[in-house]
Amino acid sequence: MPVYRAPRGTRDLLPDERPVWERLETLARDLARRYGYASMETPLFEQSDVFERGIGASTDVVEKELFRVSPSRGEDTERWALRPEATAGIVRAYVQHGLQTWPQPVRVSLLGPMFRYDRPQAGRFRQFWQWDIEAIGDPGPAVDAEIIELGHRFYREAGLPDVDVLVNSIGDPACRPAYHDAVRAHFAPHADRLAGVERERLATNPLRLLDSKDPDIADLIATAPDIADHLCAACADHFAAVRAHLTVLGVPHRRERGLVRGLDYYTRTAFEYYLPGAEGQQSALGGGGRYDGLVELLGGKPTPGIGFALGLDRVVLALADAGVALPAPAHPAVVVVGADPADTATRLRIATELRAAGLVARADLATRKLGRQLEGAARDGAHLAVIVGDELDLGQVQVRDLPAGTQRLVNLPDLARELTRAHAGHRHGTDAAR
RNA sequence: GUGGCCUUAGCUCAAUCGGCAGAGCAUCGGAUUGUGGCUCCGAAGGUUACGGGUUCAAUCCCCGUAGGCCACCCCA
């Protein structure tokens with residue numbers, strides 16, 4: 001057994017699984033570009049305050065999952081934490097760099113690793129990847145629908161057409177306090193039936209009780225007051241408009257009254273994407289919501305915002321479970337092999353010249369006999385082999401078409417052009433077949 | 001953070017009652033000198049996750065640690 005291993009909850013993405021990830025990354029970047037969401041990056045760690053204030057000190061993410069780091073030396077007295085999500089950092093950057101002076105809303109996209117010091121499980125890691133989309137500076141319901149539709153489209157184009165879209169409104173500071181009171185009043189007479197954590201939540205964040213899966217209180221949850229009946233007129237109008245826009249866009253969705261989201265900064269619109277039929281923990285594929293108070297909370301002017309985070313690890317798992325055909329690893333177009341096993345220099349020189357001409361080419365650098373070299377080329381999926389032999393004295397090499405099993409002599413000065421032409425023919429053929 | 005199940009070669013798994021640790025796949029090499037995917041032969045690969053304990057003897061029984069999985073909690 002190896003002495004060293006990847007830290008708990010992290011893993012290596014080896015070359016054979018990278019193609020799926022690259023496809024998802026490419027899709028996310030392409031969608032962001034098509035929708036006008038500009039790429040940005042923030043540090044992988046921030047002052048822990050950014051998360052504690054932004055996400056909320058009483059949330060699970062901050063209370064037990066924040067991945068704190070400290071410099072081993074230096075005069076820094078700051079407390080740092082690896083980012084558990086992207087929104088807080090993006091909003092911090094928005095405030096720091098005065099992005100409120102840019103045309104509003106500011107539409108941004110970020111793709112990268114997030115960290116939560118959680119107990120690992122299938123589909124749950126301490127380092128995981130999210131694609132994050134934010135629109136900061138637009139209060140209107142139309143942008144809510146634009147973003148929800150964007151997430152839905154990502155899943156569809158990724159190969160998961162049946163993802164459930166769940167939406168809800170959790171009100172705003174004008175109407176939520178009264179609803180909190182109503183929920184407390186509903187549960188208070190039955191406090192003895194609540195588990196320890198649940199009783200704490202009754203005081204700190206009664207909304208969280210509503211998405212509890214505790215079967216002992218399922219009946220209480222079912223009969224709890226519905227926030228839809230407690231929204232102020234502004235929130236109710238906003239939510240109705242979001243749903244109307246989604247209908248116009250043709251995004252199938254349903255309201256889930258228990259959907260409240262785990263982060264404190266959310267207001268009004270909350271939404272989640274679920275994998276239908278999946279058991280338990282991996283079924284939450286992504287989610288997001290509106291956070292109209294967050295910019296102000298992190299020191300900016302009152303500014304509305306909305307965004308989502310999609311978990312790419314879970315999409316990869318879902319695609320594998322669904323049996324979606326995964327892209328094959330890239331293979332070289334041309335492999336240069338030689339009759340003289342020891343003459344690696346000539347093979348390497350010719351491959352280098354082909355690369356300089358723009359071809360995807362590698363040389364077989366092992367000192368093994370020609371048969372083995374061809375075997376390796378075929379297994380790599382190469383279409384063409386250049387065979388270097390005695391003909392080199394006449395300025396010629398053999399070009400072998402591996403799938404067809406045919407070959408012919410080519411003059412060295414013509415080699416790159418011939419290979420480019422032959423490979424183009426193959427590419428058309430294989431693409432059509434795929 | 002709580003509870004349960006699990007860990008043998010790179011991967012998937014065997015090993016009778018506690019008695020010399022094996023197979024398939026993958027890797028590398030060979031099958032008369034310059035031609036591949038098939039076939040045949042061979043090699044390499046192990047402190048049985050790690051550390052203790054019981055025993056003449058431990059992959060096997062006991063304890064601890066680490067890691068994985070599952071259910072909670074919660075999220076992505």
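Since the structure is predicted, the reported quantities are computational estimates derived from the model, not experimental observations. Letters A, B, ... mirror the listed sequences (proteins, then strands); counts begin at 1.
With RNA chain B read from its 5' end, the first of the two nearest nucleotides for A/Gly287 and A/Lys369 is the one closest to A/Lys369.
Comparing the C1' positions of B/C74 and B/U2 gives a spacing of 13 Å, expressed to the nearest Å. Rounded to a whole angstrom, the distance from the P atom of B/C6 to that of B/C62 is 11 Å. B/U7 and B/A14 have their C1' atoms separated by 15 Å, with the value rounded to a whole Å. Using P as the reference atom, B/C70 and B/A57 are 40 Å apart when rounded to the nearest Å. Comparing B/G51 with B/G45, their C1' atoms are spaced 25 Å from each other, to the whole Å. Taking atom C1' in both B/U48 and B/A58, the straight-line distance is 10 Å, to the nearest Å. Atom name C1', nucleotides B/C60 and B/U54: the rounded distance is 13 Å, in whole Å. Here the separation of B/G53 from B/C73, taken at their C1' atoms, is 36 Å to the nearest Å.
Across all strands, A/Glu391 comes closer than 4.0 Å to base atoms (heavy-atom distances). Using a 4.0 Å heavy-atom distance criterion, A/Asp390 is classed as a base contact. When heavy atoms are screened at a 4.0 angstrom cut-off, A/Gln407 is found touching base atoms of the nucleic acid. Residue contacts shown for A/Gly381 are absent, as no nucleic acid heavy atom lies under 4.0 Å away. Looking at heavy-atom distances under 4.0 Å, A/Leu312 makes no contact with the nucleic acid at all. Residue A/Gly389 is classed as a base contact, given a heavy-atom separation below 4.0 Å to a base.
Regarding A/Arg119, its CZ atom lies at a distance of 14 Å from the C1' atom of B/C74, rounded to whole Å. Atom C1' of nucleotide B/U35 and atom CG of A/Leu384 are separated by 15 Å, given to the nearest angstrom. With rounding to whole Å, A/Ile133 atom CD1 is found 16 Å from B/A76 atom P. Atom CG of A/Leu275 is separated from atom P of B/C75 by 18 Å (rounded to the nearest Å). Per the geometry, CZ belonging to A/Phe125 stands 10 Å off P belonging to B/G68, to the nearest Å. Rounded to whole Å, the distance from CG on A/Asp340 to P on B/U35 is 14 Å. The CD atom of A/Glu17 sits 14 Å away from the C1' atom of B/C11 (whole-angstrom rounding). Between A/Asp393 atom CG and B/G34 atom P there is a gap of 17 Å when expressed in whole angstrom units.
Ion pairing of A/Asp226 with A/Arg255 is present here, as a side-chain N (NZ or NE/NH1/NH2) and a carboxylate O approach within less than 4.0 Å. Looking at A/Asp380 and A/Arg362, a side-chain N of the basic residue comes within less than 4.0 Å of a carboxylate O on the acidic one, giving a salt bridge. A salt bridge is defined here as a Lys NZ or Arg NE, NH1 or NH2 lying under 4.0 Å from an Asp or Glu carboxylate O, and A/Glu146 with A/Arg107 meets this definition. With respect to A/Arg18 and A/Glu25, a salt bridge is recorded, a charged nitrogen being found less than 4.0 Å from a carboxylate O. Ion pairing between A/Arg124 and A/Glu65 fails under the 4.0 Å rule for side-chain N and carboxylate O. Residues A/Glu375 and A/Arg368 are not paired through a salt bridge, judged by the lack of any N-O separation under 4.0 Å between the basic side chain and the carboxylate.
The A/Phe128 side chain lies nearest to B/A76 when the options are B/C70, B/U35, B/A76. Distances from the side chain of A/Ile387 to the nucleotides B/C72, B/G3, B/G34 place B/G34 closest.
Counting distance only, with no hydrogens placed and no angle test, the side-chain atoms of A/Arg368 and the base atoms of B/C28 include no donor-acceptor pair under 3.5 Å. If you check distances only, the side chain of A/Arg314 does reach the base of B/C75 with a donor-acceptor pair under 3.5 Å.
A/Tyr35 is linked by a side chain to side chain donor-acceptor pair (under 3.5 Å) to A/Glu149, A/Arg153, counting only residues two or more places apart in sequence or in another chain.
Where RNA chain B pairs in unbroken runs of 3 or more (Watson-Crick or G-U, both distances under 3.5 Å), the stems are B:1-7 with B:66-72, B:10-13 with B:22-25, B:27-31 with B:39-43, B:49-53 with B:61-65.
Contact annotation: A/Gln398 side-chain N/O to B/G34 OP1/OP2 distance is not under 4.0 Å. Side-chain nitrogen and oxygen atoms of A/Arg8 include at least one within less than 4.0 Å of the OP1 or OP2 phosphate oxygen of B/G67.
The backbone N or O of A/Asp340 sits less than 3.5 Å from a side-chain atom of A/Arg347, completing a donor-acceptor pair. Side-chain atoms of A/Arg355 come within 3.5 Å of backbone atoms of A/Ala361 as a donor-acceptor pair (strictly under, hydrogens ignored).
At least one cation-pi condition fails for A/Arg268 and A/Phe239: the charged atom is not both under 6.0 angstrom from the six-membered ring centre and inside a 45 degree cone around its axis.
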What string of B, S and - do you get for nucleotides 36-42 of chain B, 5' to 3', when a contact is any protein heavy atom under 4.0 Å?
BB-----
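Summarising the local packing, CZ of A/Arg53 is surrounded by 12 or fewer heavy atoms from other residues, nucleotides or ligands at distances under 6.0 Å.
No hydrogens or angles considered: a donor-acceptor pair under 3.5 Å links the side chains of A/His238 and A/Asp144.
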